[in-house]
Amino acid sequence: MSDDTKSLNFIEHIIEDDLANGFSKNKLRFRFPPEPNGYLHIGHASSICLNFGLGLRYNAPVNLRFDDTNPAKEEQEYVDAIKRDVEWLGFNWAEEVYASDYFQQLYDWAVTFIKEGKAYVDSQSAAQIAEQKGTPTEHGVASPYRDRSVAENLALFNEMKECKFAEGEHVLRAKIDMTSSNMLMRDPIMYRILHKAHHRTNTDWCIYPMYDWTHGESDYLEQVSHSFCTLEFAMHRELYDWFLDQVVASDKVRPKQREFARRNFSHTVVSKRKLLQLVEEKVVTSWDDPRMPTISGLRRKGYTAEAIRNFSNTIGIAKRENVVDVSLLEFSIREHLNRVAPRVMAVLDPLKVVITNYPKDQEEWLEAENNQEDESAGYRTVPFSRELYIEKEDFREEANKKFFRLKLGNEVRLKNGYIIKAESCTKDTDGNILEVQCTYDPKSRSGSGTEESLRKVKGTLHWVSIKHAIPAEVRLYDRLFTDETPDQHKDKDFMEFINPDSLTVITGYLEPSLKTAQPEDFFQFQRLGYFNVDTDSSAEKLVFNKTVGLRDTWAKMQQK
RNA sequence: UGGUCCAUGGUGUAAUUGGCAACACUCCGGUUUUUGGUACCGUCAUUCAAGGUUCGAGUCCUUGUGGACCAACCA
């Protein structure tokens with residue numbers, strides 16, 4: 001499918017080994033199994049790209065399966081958001097399925113387990129069961145209910161199903177081995193009573209199967225060949241296999257669970273529980289707040305699906321601990337947007353410039369290239385007049401020769417416009433510069449082909465004509481956490497590292513071509529960065545998000 | 001104190017399965033440039049440690065060291 005020269009990750013090696021050992025390629029099948037209890041984040045993107053990427057590579061079906069066995073936490077809103085995100089990332093699932101589709105089958109199997117003496121109803125409290133479970137270093141002890149008769153178990157389990165009991169009164173446990181070194185094998189709970197309406201089965205059930213009992217059997221029912229999950233499920237594999245052993249038929253595909261390391265990212269958290277906390281405690285406005293590492297947050301911030309896919313493929317997949325630096329993600333989006341984003345001019349921190357030798361009522365429309373990386377992007381015009389805005393930081397009264405921008409007595413080029421020279425400036429009583437007076441060289445217009453226009457001038461500035469500029473709200477984002485690994489401190493809570501300055505809202509001044517920009521449109525504000533139109537934007541009030549800044553070697557030089 | 005897993009530059013991932021440690025990002029230096037952007041060039045590692053097997057070890061073996069995970073009626 002894809003290029004053969006690319007090296008394989010350990011997951012692909014496992015599949016290649018299976019194929020080499022006779023597993024037939026047309027039986028390959030994968031799945032992406034989110035629990036609908038939150039929005040997908042950038043870590044999930046890795047898993048999505050892994051599973052759907054394998055589907056593409058081997059031309060195998062990939063199911064989107066919602067792991068919806070806990071009605072206390074799961075909601076339809078999350079199902080919808082997850083489907084939207086997977087679709088937006090550009091992947092097509094073979095089937096949309098739900099663990100809850102298998103509740104009846106799971107129940108029937110559980111009854112069989114009871115009849116075969118492999119499961120029993122325990123009528124102790126959660127605390128008692130936990131107590132008997134032992135510790136990682138000490139064996140567990142058997143429940144007094146472990147040897148209930150099959151008849152009694154059957155009757156009780158049926159009554160559980162018929163909602164005759166309160167939550168917590170009984171559970172169904174698999175009878176495995178209370179002395180196992182793997183605590184998950186110490187008679188794990190298969191069913192608990194939950195009097196909660198389920199987003200799909202409503203009140204049909206008041207007993208719900210646990211993850212371990214559900215996941216492998218769901219894989220089996222869908223004939224998933226390879227079931228990939230994160231490392232913390234490694235210990236669950238023994239149980240996954242035990243449950244499978246009880247039901248698997250020799251002529252069916254036996255799913256294989258393998259584990260990979262979750263991707264961690266610097267200066268953020270990727271845990272649905274923690275992201276939910278950020279939303280609930282109003283640290284951010286919503287799951288799709290552009291500061292969130294969610295897929296929807298990144299999308300709203302202006303990240304493209306292509307950039308996220310490239311990023312996921314670049315960071316790859318392995319089994320070791322990791323903290324992926326945000327610079328990798330930022331590279332991916334810059335790399336894509338550099339190719340496709342139209343260039344425009346916008347001034348975010350304005351300083352007034354008056355061209356003293358430019359006629360007062362004159363204006364002209366200058367031709368500007370939309371994207372020099374893309375010939376087909378074409379040209380637009382931008383208005384020029386006597387009074388302009390440039391960035392405050394682009395002017396200094398005096399500066400050394402490393403400063404290529406505007407300073408008194410020196411020339412710079414205005415992008416797509418004229419070469420100007422700073423003659424003087426006026427200040428307020430505190431010494432703040434209010435206005436710069438310049439003169440322009442009328443023969444130096446960009447693209448005019450004159451000798452003057454071809455002069456080499458070191459600095460080029462972006463600008464807007466004050467009279468024509470459109471004010472717009474611009475939202476600037478910084479990292480959400482001040483610490484590189486906010487949730488990896490044993491003694492401190494991740495919430496202590498919230499960056500109070502993660503959002504700055506300013507008014508920017510845009511060239512008039514942006515007047516008709518629509519939500520999700522993206523641009524490069526020249527010399528500043530990539531920006532997109534936020535969903536809050538309207539014709540009356542444009543709202544832009546800063547997606548990511550341009551690489552800024554000048555800023556780096558300044559720091560030294 | 002039991003069990004499972006992991007260890008390759010600042011970061012992430014490779015290494016034809018025992019044969020010259022590679023790719024991307026970052027950092028630093030340079031060339032080009034009407035974006036201090038882009039593009040291009042260059043610098044940055046004795047593969048956690050110590051032994052062993054071998055003509056040859058990142059890869060196999062042994063012993064350490066360091067880290068992650070396991071005691072939810074969560075997934």
I'd like the [atom1] distance from [M] over to [N], given in whole Å.
N     : M     : atom1 : result
B:G30 : B:G37 : P     : 13 Å
B:C5  : B:C61 : P     : 13 Å
B:U59 : B:G42 : C1'   : 31 Å
B:A22 : B:C44 : C1'   : 15 Å
B:U63 : B:A21 : P     : 29 Å
B:U1  : B:A57 : C1'   : 35 Å
B:C48 : B:C55 : C1'   : 27 Å
B:A45 : B:G10 : C1'   : 12 Å

Nearest to the side chain of [X], heavy atoms from C-beta on, is which of [options]?
X      : options             : value
A:F233 : B:C73, B:G12, B:A75 : B:A75
A:R405 : B:U34, B:C73, B:G36 : B:G36
A:F404 : B:U35, B:G36, B:A71 : B:G36
A:E373 : B:U33, B:C70, B:U38 : B:U38
A:S327 : B:C5, B:U35, B:U26  : B:U26
A:T135 : B:G12, B:A75, B:A71 : B:A71
A:N338 : B:A24, B:A75, B:U38 : B:U38
A:R551 : B:U26, B:C5, B:C70  : B:U26
A:T460 : B:U35, B:G2, B:C73  : B:U35
A:E232 : B:U34, B:C69, B:A14 : B:C69

Closer than 4.0 Å, any side-chain N/O of [X] to the OP1 or OP2 of [N]?
X      : N     : answer
A:K415 : B:U34 : no
A:K556 : B:G36 : no
A:R262 : B:A68 : no
A:T553 : B:G37 : yes
A:R334 : B:G37 : no
A:R237 : B:C69 : no
A:R263 : B:U13 : yes
A:K490 : B:A68 : yes
A:H13  : B:A15 : yes
A:S7   : B:U13 : no

Notebook entry, point to check: Does B:G36 have A:W554 stacked on its base, where the ring centres are within less than 5.5 Å and the planes differ by under 30°?
Noted result: yes
Notebook entry, point to check: By centroid distance (under 5.5 Å) and plane angle (under 30°), are A:F331 and B:A24 in a stacked arrangement?
Noted result: no
Item checked: Nucleotide opposite B:A24 in a Watson-Crick or G-U pair, distances under 3.5 Å -> B:U11
Next item on the list: If B:C60 has a Watson-Crick or G-U wobble mate with both distances under 3.5 Å, name it; if not, just say none.
Entry: B:G52
Next item on the list: Without swapping roles, check the side chain of A:E167 against the backbone of A:H195 for a donor-acceptor pair under 3.5 Å.
Entry: yes
Notebook entry, point to check: Less than 4.5 Å apart, any side-chain heavy atom of A:E367 and any of A:N416?
Noted result: no
Between [N] and [X], counting only base atoms on the nucleotide and side-chain atoms on the residue, is there a donor-acceptor pair under 3.5 Å?
X      : N     : result
A:R527 : B:U35 : no
A:S446 : B:U34 : yes
A:Q372 : B:U38 : no
A:R320 : B:U8  : yes

Check: Are A:Q124 and A:E131 linked by a side-chain donor-acceptor pair shorter than 3.5 Å?
Finding: no
Margin query: Aromatic contact between A:F525 and A:F544, with the criterion being ring centroids under 6.0 Å apart: yes or no?
Written below: yes
Note to self: A cation-pi test, strictly: NZ or CZ of A:K161 under 6.0 Å from the centre of the six-membered ring of A:W205 and no more than 45 degrees from its axis. Yes or no?
What the structure shows: yes
